[in-house]
Amino acid sequence: MEENKLSFEDAYKQLVELVKKMESGELPLADSVAAYEQGIKLKAYCEQLLKEAELKIETLKVSTAA
């Protein structure tokens, strides 16, 4: 899966689903490790999108305040 093609909402939804699967305790160890790795990528991607949105908002605030 390519995280950089997902919307924030889709990436976050996938992250939540991975967490639910891992918390259920039903995944085999190898699948849990793979889910954890994917979760780390999704978390970083969501954080990146949030930072980009924050920067856009700050830019808009500055440009409208001037």
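Computation of the quantities below employed the complete heavy-atom set of this structure, encompassing side-chain atoms and omitting hydrogens, waters and symmetry-equivalent molecules.
Remark: Lys61 engages Glu58 in a salt bridge, criterion side-chain N to carboxylate O under 4.0 Å.
Rounding to the nearest 0.5 Å places CD1 of Ile40 at 9.0 Å from CD of Glu37. The SG atom of Cys46 sits 9.0 Å away from atom CD of Glu9, with the distance rounded to the nearest 0.5 Å. A distance of 12.0 Å separates CD in Gln38 from OH in Tyr45, rounded to the nearest 0.5 Å. Atom CD1 of Ile57 is separated from atom CD of Glu52 by 12.0 Å, given to the nearest 0.5 angstrom. With values rounded to the nearest 0.5 angstrom, Leu6 atom CG is found 7.0 Å from Leu42 atom CG. Distance check, rounded to the nearest 0.5 Å: CG of Leu60 to CG of Leu55 gives 11.0 Å.
Following chains of ILVMFWY side-chain contacts shorter than 4.5 Å, one can reach Leu49 starting from Leu15, so the two form part of one hydrophobic cluster. Cluster membership for Val19 and Leu27, using ILVMFWY side-chain heavy atoms within less than 4.5 angstrom, is not shared. Under the 4.5 Å side-chain heavy-atom criterion for Ile, Leu, Val, Met, Phe, Trp and Tyr, Tyr36 and Val16 are members of distinct hydrophobic clusters.
Its side chain within the 4.5 Å cluster rule, Val33 clusters with Leu29 among the Ile, Leu, Val, Met, Phe, Trp and Tyr residues.
Pairing each heavy atom of Ala35 with each of Met22, the nearest pair is CB-SD, 3.5 Å.
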Decide salt bridge (charged side-chain N to carboxylate O under 4.0 Å, His left out) for Lys43 and Glu47; before the verdict, give the C-alpha distance in whole Å, the side-chain angles of both, and the deciding distance to 0.1 Å. CA-CA 6 Å; Lys43 177 185 172 283; Glu47 287 176 342; 2.9 Å; yes
